[in-house]
Amino acid sequence: MSEQPVPAAIEPVLTHLSRIPPERVDTKRVLRFSLPVLRLGPVLPLAVSDEAVNPVAVPDDGDWPWMLLDDMRRELGGEVTPVLAPRGQILLELNRVFDMASASAEEMLEDLGSEGELSREIEEVKDLLESEDEAPVIRLVNTLISQALKERASDIHIEPFENNVLVRFRVDGVLHTVVTPPKGVQAAMTSRIKVLSGMDIAEKRHPQDGRFRVRIAGREVDVRASVLPTAYGERVVLRLLDRGRGVLSLTELGMNDTHLAIMKDVVSAPHGIVLVTGPTGSGKSTTLYSALMTVDRKNRNVLTIEDPIEYQLDHVGQMQVQSKIGVTFAAGLRSILRQDPDIVMIGEIRDLETAEIAIQASLTGHLVLSTLHTNDALSSIMRLKDMGVEPYLVASSLLMVQAQRLVRELCPHCKRPRPVAESDWQAMRVSPDDYRHVTELYEAVGCEACIQTGYAGRLGIFEMTRVTDAMRDAIHDGKGLLEMRRLARREGMKSLAHDGARHVASGRTSVDEVLRVTREDAVVVQE
């Protein structure tokens with residue numbers, strides 16, 4: 001392709017762009033072509049600065065689609081001037097334009113007809129795979145997934161009620177209603193998701209789980225589906241895992257310098273256990289992935305067992321839990337230990353068997369990273385004891401425990417300043433003297449950029465305890481949780497709310513948001 005002569009109608013290349021600014025892309029001209037055609041090049045029509053010239057971005061690797069450019073000259077009218085740009089940048093902008101141009105769920109509902117018509121169609125459908133009448137419903141499901149990705153949603157909830165169906169997206173940890181389809185579309189949507197997930201369409205009495213993978217605007221997305229029978233039909237929840245999303249660095253997670261130094265130090269240790277705790281959706285797995293990105297994976301054997309595998313990591317062997325065929329965390333971990341690992345990541349310690357194998361692995365020269373579901377850092381020690389692990393084993397193997405939460409970050413476009421009050425710091429249980437230099441805080445407002453929520457994106461807040469000799473003695477001696485908390489505070493541990501206060505002081509989040517995720521878990525320790 002690159003050896004073909006340059007058509008006379010195509011002007012010489014005059015420009016090279018290392019990055020394509022969004023304002024250089026002419027959306028209307030791009031949408032005159034289909035996405036598959038433009039990807040063949042790939043080529044990307046740019047904004048016209050001269051009526052006689054049609055600038056078009058082409059790959060800078062020399063493999064130019066001359067025939068396609070000639071077709072574009074005829075379609076756009078006028079001469080075409082190729083502009084060199086990285087192939088990945090062209091594909092990224094193509095995906096962005098077509099992603100933004102896709103219909104919303106509300107627009108798709110207009111194609112579905114009235115509720116009465118839908119009910120009659122659904123009753124006649126015997127097999128969705130063989131029916132062409134359900135194409136609008138198929139498009140609706142696809143649109144919901146596409147719209148959820150555009151709005152950064154982690155989950156899609158399809159909730160049936162007596163007279164309607166509620167579709168909600170979980171964005172930054174909070175559910176928002178997106179659309180309310182008519183009741184008649186409920187069965188078709190559920191059946192379509194069952195087909196995609198490999199579930200039994202005819203089974204409506206028992207809960208079912210499944211998964212599938214879709215590609216939307218060049219992005220691969222893993223979807224975990226859960227169907228639960230309720231009084232008014234089957235409730236569906238889809239968890240979206242964007243495979244194209246990169247792993248954040250520890251700094252990007254929101255850790256302060258002290259926490260960052262401790263985390264980097266413990267993950268470079270030759271053996272021991274590092275535990276990250278918190279409720280579902282608090283970013284535990286993301287933290288462990290980020291920690292693994294800091295280790296020398298080329299010279300150390302790193303293996304993981306996860307449910308599910310959320311990110312693909314270079315130079316890391318990742319194993320998927322498959323309980324139906326007996327591949328549990330415990331069984332998989334046994335097999336992993338026969339693979340001569342240096343570092344092992346366990347998605348979650350759920351039972352005594354897994355905990356005992358993890359501890360034995362740490363005592364025999366392996367570094368083990370894992371998660372637990374507890375509300376604060378030191379409760380993880382009590383959880384291991386409750387599982388049946390001997391205190392002396394916990395004391396000898398544990399390196400660090402960390403609790404975390406995710407707070408929503410204020411939208412930079414609409415956040416509003418307000419005066420500081422001492423009650424703000426008191427509510428977060430921090431000393432006002434630590435923040436005398438702060439003269440104003442910010443609060444959420446809401447705009448189109450943040451879907452009227454006032455927030456866009458999330459930050460981590462952390463409660464971290466390194467297991468010192470004094471803490472090992474306390475664990476070994478069976479000290480209670482309150483005593484261990486007092487010891488940890490004396491050794492410098494800060495609460496989740498205290499860590500969140502620094503983000504409030506810097507204007508990245510609000511007092512209300514920190515209190516929302518920490519109020520129930522805040523513990524006042526009497527010195």
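Heads up: numbering here begins at 1 and tracks the sequence. What you see below is based on every heavy atom in this structure, not just the backbone, and it leaves out hydrogens, waters and symmetry mates.
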Item to complete: Give a yes or no answer on whether the side chain of Gln404 reaches the backbone of Ser282 with a donor-acceptor pair at less than 3.5 Å.
Response: yes
Worksheet item: How close do Gly460 and Asp499 get, heavy atom to heavy atom, and via which atoms?
Response: O-OD2, 4.4 Å
Worksheet item: Which value, rounded to the nearest 0.5 Å, describes the distance between Leu369 atom CG and Thr287 atom OG1?
Response: 11.0 Å
Discussion item. Using 0.5 Å steps for rounding, measure from the OG atom of Ser431 to the CD atom of Glu422.
Written reply: 9.0 Å
Discussion item. For Asp376, run the salt bridge (Lys or Arg N to Asp or Glu O under 4.0 Å) check against Arg383, Lys494, Arg485 and tell me which one passes.
Written reply: Arg485
Worksheet entry | His157 vs Arg235, side chain to side chain contact (heavy atoms under 4.5 Å, CB included): CA-CA, chis, key distance, verdict | CA-CA 8 Å; His157 290 238; Arg235 184 188 183 104; 4.2 Å; yes
Item to complete: For residues Phe169 and Ala153, report the shortest heavy-atom separation together with the two atoms involved.
Response: CB-CB, 3.8 Å
Worksheet entry | Close side-chain approach of Arg87 to Pro42, heavy-atom, < 4.5 Å | yes
Worksheet item: For Ile343 and Val267, which heavy atoms make the closest approach, and how far apart are they?
Response: CD1-O, 4.5 Å
Practice prompt. Kindly compute the distance separating CZ (Arg24) from CD (Glu93), expressed to the nearest 0.5 Å.
Written response: 11.5 Å
Worksheet item: Has Lys479 got more than 12 heavy atoms of other residues, nucleotides or ligands less than 6.0 Å from its NZ?
Response: no
Item to complete: Taking Ser146 for its side chain and Thr143 for its backbone only, find out whether a donor-acceptor pair lies under 3.5 Å.
Response: no
Item to complete: Compare all side-chain heavy atoms of Ile475 with those of Arg472 and state whether any distance is below 4.5 angstrom.
Response: no
Worksheet item: Is a donor on one side and an acceptor on the other found under 3.5 Å between the side chain of Glu463 and the backbone of Ala403?
Response: no
Item to complete: State plainly whether the residues Arg516 and Glu513 are in salt-bridge range, i.e. N to O under 4.0 Å.
Response: yes
Item to complete: Kindly state each residue pair satisfying ring pair (Phe, Tyr, Trp, His ring centres under 6.0 Å) with at least one member in residues 365-392, sequence neighbours excluded.
Response: none
Worksheet, complete the sentence: Partner of Gln402 under side chain to side chain contact (heavy atoms under 4.5 Å, CB included), picked from Thr465, Val276, Thr277, is Val276
Discussion item. Quick check for you: to the nearest 0.5 Å, what is the distance between Leu441 atom CG and Asp424 atom CG?
Written reply: 5.5 Å
Worksheet item: What's the verdict on side chain to side chain contact (heavy atoms under 4.5 Å, CB included) for Leu292 and Thr304, showing C-alpha distance, side-chain angles and the deciding distance?
Response: CA-CA 10 Å; Leu292 287 180; Thr304 74; 4.1 Å; yes
Item to complete: State, with a plain yes or no, whether a side-chain heavy atom of Ser495 is found less than 4.5 Å away from one of Thr518.
Response: no
Discussion item. Main chain of Gln339, side chain of Asn301: is a donor-acceptor contact present, judged purely on distance under 3.5 Å?
Written reply: yes
Worksheet item: Would you say Met428 and Leu515 make side-chain contact, with heavy atoms under 4.5 Å?
Response: yes
Fill in: Check: Leu459 and Val407 side chains under 4.5 Å, non-hydrogen atoms
yes
Worksheet entry | Lys/Arg N to Asp/Glu carboxylate O, Glu440 vs Arg416, below 4.0 Å | no
Worksheet item: Which heavy atom of Tyr435 sits nearest a heavy atom of Ala501, and at what distance?
Response: OH-CB, 3.7 Å
Discussion item. For Asp172, is there an ion pair with Arg152 - N to carboxylate O distance below 4.0 angstrom?
Written reply: yes
Fill in: Backbone of Ser249 reached by a side-chain donor or acceptor of Glu252 within 3.5 Å
yes
Item to complete: State the CG-CZ distance between Asp433 and Arg436, to the nearest 0.5 angstrom.
Response: 4.5 Å
Worksheet, complete the sentence: Here the pair of heavy atoms bringing Leu250 nearest to Ala291 is CD2-N, 4.0 Å
Discussion item. Could you tell me if the side chain of Leu238 sits less than 4.5 Å from the side chain of Leu144, heavy atoms only?
Written reply: no
Fill in: Distance, nearest 0.5 Å, that separates OG1 of Thr354 from CD1 of Ile349
7.5 Å
Practice prompt. Measure the shortest side-chain to side-chain distance between Val327 and Met319 over non-hydrogen atoms and say whether it is less than 4.5 angstrom.
Written response: yes
Worksheet item: Has the side chain of Ser362 got a donor or acceptor atom that lies under 3.5 Å from a matching backbone atom of Val368?
Response: no
Worksheet item: What is the minimum heavy-atom distance between Ile305 and Gly332, and which atoms define it?
Response: CD1-CA, 3.4 Å
Practice prompt. Quick one: which residue pairs count as a ring pair (Phe, Tyr, Trp, His ring centres under 6.0 Å) with a foot in residues 462-507, not counting sequence neighbours?
Written response: none
Worksheet item: Has the side chain of Lys284 got a donor or acceptor atom that lies under 3.5 Å from a matching backbone atom of Pro279?
Response: yes
Practice prompt. Measure from the side-chain N and O atoms of Glu483 to the backbone N and O of Gly478, and report whether any donor-acceptor pair falls under 3.5 Å.
Written response: no
Worksheet entry | Ala361 backbone acceptor or donor facing Thr364 side chain under 3.5 Å | yes
Worksheet item: Is it true that Glu353 and Arg334 have a side-chain N and a carboxylate O under 4.0 angstrom from each other?
Response: yes
Practice prompt. In sequence, state the C-alpha distance, the side-chain angles, and the governing distance for Met263 and Met400, and then conclude on side chain to side chain contact (heavy atoms under 4.5 Å, CB included).
Written response: CA-CA 8 Å; Met263 178 62 81; Met400 186 201 77; 3.7 Å; yes
Discussion item. With heavy-atom distances below 4.5 Å as the criterion, would you say the side chains of Leu94 and Ile90 are in contact?
Written reply: yes
Worksheet item: Going through the distances and angles, do Leu378 and Leu481 end up as a side chain to side chain contact (heavy atoms under 4.5 Å, CB included)?
Response: CA-CA 7 Å; Leu378 293 171; Leu481 186 57; 3.8 Å; yes
Worksheet item: For the side chain of Ser197 and the backbone of Phe212, is there at least one donor-acceptor N/O pair under 3.5 Å apart?
Response: no
Discussion item. Enumerate the side chain to side chain donor-acceptor pair (under 3.5 Å) contacts for residues 452-461, please, sequence neighbours excluded, ordered by first and then second residue.
Written reply: Tyr455-Ser510
